[in-house]
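I have placed the structure first, in the form of structure tokens, so that the comments after it can refer back to it.
Numbers restart at 1 for each chain; the letters A, B, ... are given by sequence-line order, proteins then strands. Quick note: numbers below take in every heavy atom, side chains included, and nothing from hydrogens, waters or symmetry partners.
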Protein chains: 2
Amino acid sequence: MNRNEGASNGQVKATRLSLAILDEIRRRDGAGVTELATHFDCSKSTIHSHLRTLSDEGYLVNGGGHYSIGLKPLQLGGHARVKHQLYQVAKDEVDELAEETGESSKIIVEEDGRGVYLYQARAKQAVTTDSHVGTHVYLHSTAVGKCILAHLDESRRNEILDEHGLPQVTANTVTDRATLDSRLDRIRDRGVAFDDGERIEGLRCVAAPITAGDEVLGAISVSGPKKRIDDETFRTTLPELVRDTARIIEINVTYS
Amino acid sequence: MNRNEGASNGQVKATRLSLAILDEIRRRDGAGVTELATHFDCSKSTIHSHLRTLSDEGYLVNGGGHYSIGLKPLQLGGHARVKHQLYQVAKDEVDELAEETGESSKIIVEEDGRGVYLYQARAKQAVTTDSHVGTHVYLHSTAVGKCILAHLDESRRNEILDEHGLPQVTANTVTDRATLDSRLDRIRDRGVAFDDGERIEGLRCVAAPITAGDEVLGAISVSGPKKRIDDETFRTTLPELVRDTARIIEINVTYS
DNA sequence: TTAGCCGTTCGTCTAGAAGGAACGTTTATT
DNA sequence: AATAAACGTTCCTTCTAGACGAACGGCTAA
């Protein structure tokens with residue numbers, strides 16, 4: 001009957017469906033029983049019992065038959081974040097970076113071959129983008145992601161790039177493996193990475209990796225609109241600032 | 001035949017267990033199969049299949065048999081937060097409040113009769129407390145909570161207080177219903193609430209509710225150590241500042 | 001008023017969740 | 001070094017409870 005993929009052995013099918021429902025509701029920004037039943041090709045009653053359970057536990061909120069994400073995940077996520085070493089040692093520095101530059105500054109870590117924003121500090125005039133805490137992005141299409149890619153060991157890097165490929169996000173996204181490799185080389189040399197509208201049109205970003213020994217913990221970045229970040233700032237001022245901040249964070253890591 | 005017990009009707013038991021496991025791992029700050037099997041009084045293999053599923057979906061990370069909370073919940077939580085009206089209109093104001101006062105400033109909303117921190121802005125010298133984004137607190141033991149209680153309709157307020165009671169958190173916590181009621185009256189009169197070490201010893205907090213029409217959306221606060229917030233600041237300066245900021249946020253709500 | 005769509009509830013059936021025992025490692029003890 | 005204890009993990013069997021389809025009640029629109 002159900003032609004599920006073979007990789008789901010020794011797992012709890014009901015939980016899988018519950019979590020898949022959560023994710024679908026996030027993607028749709030809220031949903032109802034019928035549309036979810038259609039999407040997952042199963043009965044309304046099945047979906048309903050899952051929704052009821054998830055609502056009861058605070059993972060969903062039910063607004064007259066329309067279900068949307070509740071605040072319970074925020075408790076778990078907040079916990080995971082606070083316990084994350086990089087968050088503890090980098091948050092204050094990233095706050096300062098945002099304040100000094102007047103732009104948006106972020107901490108990102110790798111998970112399952114993609115990048116996750118751990119934290120975002122926004123100065124008042126900073127642009128609001130679609131990226132908020134918890135957002136997943138492709139590693140090859142952002143400066144922060146390329147920092148991480150550059151410092152992963154080769155086998156892991158190949159694994160990730162094979163799995164996710166190099167999807168084109170904007171006109172400027174690097175979609176060629178050779179080009180990407182040469183960029184990663186330069187990132188390793190310089191200690192900073194650039195993104196000139198590769199993920200979001202008109203958005204420039206400068207990033208630096210945070211390493212401990214031979215392991216990369218994540219990366220930090222400053223990003224803002226092209227019209228406000230001129231070439232001089234983009235190529236000289238910001239790289240120095242971001243690189244220096246990354247060094248301070250690495251020292252924090254060592255003594256924490 | 002059907003063993004339906006208590007309040008768990010028409011719900012998915014496997015999902016309930018999965019979510020209970022997540023919460024227990026959060027409380028324990030990571031756990032292993034055996035201790036969880038003991039805690040839930042069920043077989044190791046059952047726990048294991050749940051853990052495997054949750055890890056596979058990114059809700060947990062498995063570090064050599066020790067499981068801890070993953071970053072996937074951060075994605076859901078971040079989404080829920082960004083979609084929350086109060087976060088959108090209050091974040092910038094709360095950032096400013098933290099900067100002006102040099103203390104910690106928060107946004108809180110009510111969920112299931114308890115308070116949830118939606119956002120926290122910390123100035124550099126601000127104290128680090130146990131409360132981070134997503135933390136749940138009792139409404140009667142914080143200034144922000146009392147703001148919300150004061151502006152809920154009476155039936156809902158009674159419902160909440162009956163369900164959770166008035167547990168004593170510190171020596172200063174209000175545990176008497178009559179005392180609480182008179183404080184709530186004063187909060188309604190003044191538009192601000194105070195907390196002088198009622199939740200955390202030595203921590204003072206000033207809060208103001210955010211209302212829209214007759215509905216309370218949540219509350220904002222500034223909190224800091226008693227030694228830094230003198231009586232004058234605590235009773236006059238901060239209340240005015242917090243109240244004014246709340247008014248601005250309420251205007252933002254109206255025009256959003 | 002009626003038709004159609006929605007979320008919700010109910011009772012049945014069998015898929016799959018739960019349990020127990022055994023395995024392979026790792027860590028502590030003698 | 002040998003042994004024991006404890007852990008996470010796997011396998012297989014049993015019967016619980018998750019999935020289903022049909023029916024219900026509430027809502028909106030024609």
Side-chain angles (χ1 to χ4, degrees), chain A residues 1-70, chain B residues 1-70:
Chain A
M1 278 190 151
N2 265 347
R3 276 293 99 107
N4 276 5
E5 62 270 35
S8 56
N9 226 332
Q11 299 203 356
V12 187
K13 198 183 154 193
T15 297
R16 278 192 95 87
L17 179 56
S18 281
L19 301 182
I21 288 171
L22 272 180
D23 224 47
E24 190 58 29
I25 289 175
R26 178 187 59 80
R27 269 192 287 270
R28 291 177 184 236
D29 222 334
V33 171
T34 307
E35 63 182 301
L36 289 168
T38 309
H39 180 264
F40 288 105
D41 193 29
C42 67
S43 69
K44 287 198 290 175
S45 53
T46 298
I47 297 290
H48 180 77
S49 60
H50 282 263
L51 293 178
R52 180 190 277 244
T53 309
L54 292 166
S55 301
D56 203 62
E57 299 282 344
Y59 285 76
L60 294 176
V61 285
N62 182 350
H66 189 84
Y67 293 83
S68 43
I69 304 295
Chain B
M1 296 283 186
N2 260 350
R3 264 284 162 71
N4 282 341
E5 48 214 77
S8 56
N9 226 327
Q11 298 204 358
V12 186
K13 198 182 154 193
T15 298
R16 280 191 94 85
L17 178 57
S18 281
L19 300 182
I21 288 171
L22 273 180
D23 223 49
E24 190 58 29
I25 289 175
R26 178 187 60 80
R27 268 192 288 269
R28 291 176 186 239
D29 222 333
V33 172
T34 308
E35 62 183 301
L36 290 169
T38 310
H39 180 264
F40 288 106
D41 193 30
C42 65
S43 69
K44 286 198 291 176
S45 54
T46 297
I47 296 290
H48 180 76
S49 59
H50 282 264
L51 292 178
R52 180 190 277 245
T53 308
L54 291 167
S55 302
D56 203 62
E57 299 282 343
Y59 286 75
L60 294 176
V61 286
N62 182 351
H66 189 85
Y67 294 84
S68 42
I69 304 294

Quick one: [X] [atom1] to [N] [atom2], roughly how many Å, whole number?
X	N	atom1	atom2	result
A:Arg16	C:dG16	CZ	P	13 Å
A:His66	C:dT8	NE2	C1'	17 Å
A:Gln11	D:dT10	CD	P	11 Å
B:Ile47	C:dG20	CD1	P	13 Å
B:Arg52	C:dG16	CZ	C1'	16 Å
A:Leu60	C:dG7	CG	C1'	15 Å
B:Asp41	C:dA18	CG	P	13 Å
B:His39	D:dC7	NE2	P	16 Å

Looking at [X], I'd like to know whether one of its side-chain N or O atoms comes within less than 4.0 Å of OP1 or OP2 on [N].
X	N	answer
B:Tyr67	D:dT9	yes
A:His48	C:dG7	no
B:Ser49	C:dA17	no
B:Ser45	C:dG20	no
A:His50	D:dA19	yes
B:Asn62	D:dG8	no
A:Thr46	D:dC20	yes

Handout entry: Among D:dC7, C:dG19, C:dG7, the nucleotide that comes nearest once only the side chain of A:Lys44 is considered
Key =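 Of the candidates, C:dG7 comes closest.
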Residue pair [X] / [Y], side-chain heavy-atom distance below 4.5 Å:
X	Y	result
B:Thr15	A:Tyr59	no
A:His50	A:Thr53	no
B:Val12	A:Thr46	no
B:Asn62	B:Leu51	no

Practice task
Specify the closest pair of heavy atoms between B:Lys44 and B:Val33, including all atoms of both residues, with the distance to one decimal.
Solution key: O-CG1, 3.6 Å
Completion exercise
Looking only at heavy atoms, the pair that brings B:Arg28 and B:Ala31 closest together is CD-CB, 4.1 Å
Base, sugar-phosphate, or nothing: which does [X] touch, judged by heavy atoms less than 4.0 Å apart?
X	result
A:Val12	sugar-phosphate
B:Thr34	sugar-phosphate
B:Gly64	nothing

Fill in the blank from the handout: Taking five pairs at each terminus, the helix from C:dT1-D:dA30 to C:dT30-D:dA1 shows an axis bend, to 10°, of 40°
Exercise for the section: Would you kindly check whether a donor in the side chain of B:Lys13 faces an acceptor in the base of D:dG18, or vice versa, at under 3.5 angstrom? Expected result: no
Problem - Nearest-nucleotide 5' precedence on DNA chain C, A:Thr15 against A:Glu35 - result: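 Residue closer to the 5' terminus by nearest nucleotide: A:Glu35.
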Practice task
Before accepting this row, confirm whether a basic side-chain N of the pair B:Asp56/B:Arg52 lies closer than 4.0 Å to the acidic partner's carboxylate O.
Solution key: no
Practice task
Any chance you could lay out the side chain to side chain contact (heavy atoms under 4.5 Å, CB included) test for A:Leu17 and A:Lys13, step after step, and finish with the verdict?
Solution key: CA-CA 6 Å; A:Leu17 179 56; A:Lys13 198 183 154 193; over 6 Å; no
